[in-house]
Amino acid sequence: MTRIAIYAGSFDPITRGHEDLMLRSLGFVDRLVVAVTTNLAKQPLFSVDERAALIRAAVGNEARIEVRAFSGLLVDFAREAGATMIIRGLRAVSDFEYEYQMALMNRHLSPSLETIFMVPSLDTTYISSSLVREIARFGGDVSGLVHPAVVEALRGKYPRA
Ligand code: PNS
């Protein structure tokens, strides 16, 4: 049986922390579908298509990773993709409450879909997309936090980046 997992998120933009989790998850799944959508609680900087393109640029030629945009419920997308797992990263205790509620709600909606929480590498734990956007906006150096393609894309949005 092929183990397919969904790594879902806003990825606005993808960071080195996201990349770390994607590569780690390939240690226990056969295929990873990176599922990009717009979180209704957030105002995105990049369009869904731009975010998906940046993920593809960052992931490179990894044949076991597929990047797809989706709208609607994550559980519906997961079912359609044939996934049995949802992967989410936990950086700090502050992430836990929201992630726990979402995991239980997704289980309520789709009982056979398991949420797997993963711990990122220590040197990426402090990275978040929102901080990357903020630093780029005010002209700070984000080159150690994101793939070069993302640095370029941020320059396109914020000329000072
Ligand atoms: O990276 P984010 O913004 O924390 O990711 C949150 C995301 C996109 C995974 C979540 O908002 C989501 O699953 N959205 C799809 C709609 C959905 O299924 N909502 C119910 C979640 S219990």
Side-chain angles (χ1 to χ4, degrees), residues 3-26 28-29 31-59 62 65-137 142 145-147 149-151 153-154 157-158:
R3 286 161 305 178
I4 303 172
I6 299 277
Y7 182 34
S10 316
F11 304 104
D12 187 36
I14 180 172
T15 69
R16 292 296 192 198
H18 295 127
E19 290 172 40
D20 172 65
L21 279 200
M22 288 176 198
L23 295 181
R24 278 174 197 286
S25 65
L26 291 181
F28 62 91
V29 305
R31 269 194 338 107
L32 184 69
V33 180
V34 182
V36 195
T37 192
T38 293
N39 182 336
L40 294 182
K42 297 176 181 172
Q43 188 66 41
L45 174 64
F46 293 100
S47 71
V48 168
D49 288 343
E50 287 172 325
R51 286 179 265 149
L54 289 174
I55 297 169
R56 286 190 192 100
V59 165
E62 177 47 72
I65 298 181
E66 182 189 358
V67 183
R68 290 177 60 185
F70 80 100
S71 55
L73 284 177
L74 176 56
V75 292
D76 291 337
F77 178 77
R79 193 176 303 120
E80 185 234 312
T84 51
M85 291 173 258
I86 295 173
I87 288 176
R88 295 284 292 173
L90 274 186
R91 286 167 305 192
V93 177
S94 52
D95 285 341
F96 185 75
E97 204 172 308
Y98 166 65
E99 295 296 337
Y100 187 64
Q101 185 183 18
M102 210 159 53
L104 287 174
M105 188 57 83
N106 281 329
R107 178 176 286 164
H108 169 80
L109 295 170
S110 181
S112 61
L113 195 59
E114 284 298 339
T115 297
I116 315 285
F117 292 127
M118 289 188 68
V119 177
S121 70
L122 206 51
D123 59 333
T124 63
T125 309
Y126 61 94
I127 306 175
S128 70
S129 297
S130 59
L131 281 180
V132 165
R133 291 196 304 273
E134 186 172 316
I135 293 163
R137 181 182 182 149
V142 294
L145 310 173
V146 294
H147 186 276
V150 178
V151 177
L154 285 165
K157 297 284 179 186
Y158 301 126

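Numbering of ligands and ligand atoms starts at 1, following listing order. The shown structure was predicted, so the numbers you read here are calculated from the model rather than taken from an experiment. Any value given below was found using the heavy atoms of this structure, including those in side chains, with hydrogens, waters and symmetry copies removed.
The shortest separation from a heavy atom of Y98 to ligand 1 is under 4.0 Å, placing the residue in contact. R88 counts as a contact of ligand 1, since one of its heavy atoms falls under 4.0 Å from the ligand.
Two residues are said to be in side-chain contact when any heavy atoms from C-beta on lie closer than 4.5 Å; L32 and I87 meet this criterion.
Distance OH/Y100 to OG1/T115: 11.5 Å, rounded to 0.5 Å.
Near T37, meaning under 4.0 Å from any of its heavy atoms, are these atoms of ligand 1: 8 (C). Atoms of ligand 1 lying under 4.0 Å from any heavy atom of M105, numbered from 1 in the order shown and given with element: 22 (S). Those atoms of ligand 1 with a heavy atom of L74 less than 4.0 angstrom away are 13 (O), 17 (C), 18 (O).
Here the heavy atom of the protein found nearest to atom 16 (C) of ligand 1 is G72 O, 3.4 Å. Of the protein's non-hydrogen atoms, M102 CG, 3.8 Å is the one closest to atom 21 (C) of ligand 1. The shortest contact between atom 3 (O) of ligand 1 and any protein heavy atom is with S10 OG, 2.4 Å.
Taking the six-membered ring where tryptophan is involved, the planes of F11 and H18 are perpendicular, since the angle between them exceeds 60° and thus also 30°.
A distance-only check finds no donor-acceptor pair linking the side chain of D95 to the backbone of L90 [under 3.5 Å]. When atom types are taken as modelled, the side chain of R88 and the backbone of A8 share a donor-acceptor pair closer than 3.5 angstrom.
Distances from atom 8 (C) of ligand 1 to the protein include at least one heavy-atom value under 4.0 Å.
The existence of a salt bridge linking R137 and E134 is excluded, since no basic side-chain nitrogen approaches an acidic carboxylate oxygen closer than 4.0 Å.
Of all heavy-atom pairs between A83 and I6, the closest is CB-CG1, 3.4 Å.
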Go through it in stages, so that I can follow the logic: the residues are E99 and M102, the test is side-chain contact (heavy atoms from CB on, under 4.5 Å), and I'd like the CA-CA distance, side-chain angles, deciding distance and then a yes or no. CA-CA 5 Å; E99 295 296 337; M102 210 159 53; 3.7 Å; yes

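Contacts of L73 with ligand 1, taken as heavy-atom pairs under 4.0 Å, involve both backbone and side chain.
Of the N or O atoms in N106, none lie within a sub-3.5 Å distance of an N or O in ligand 1.
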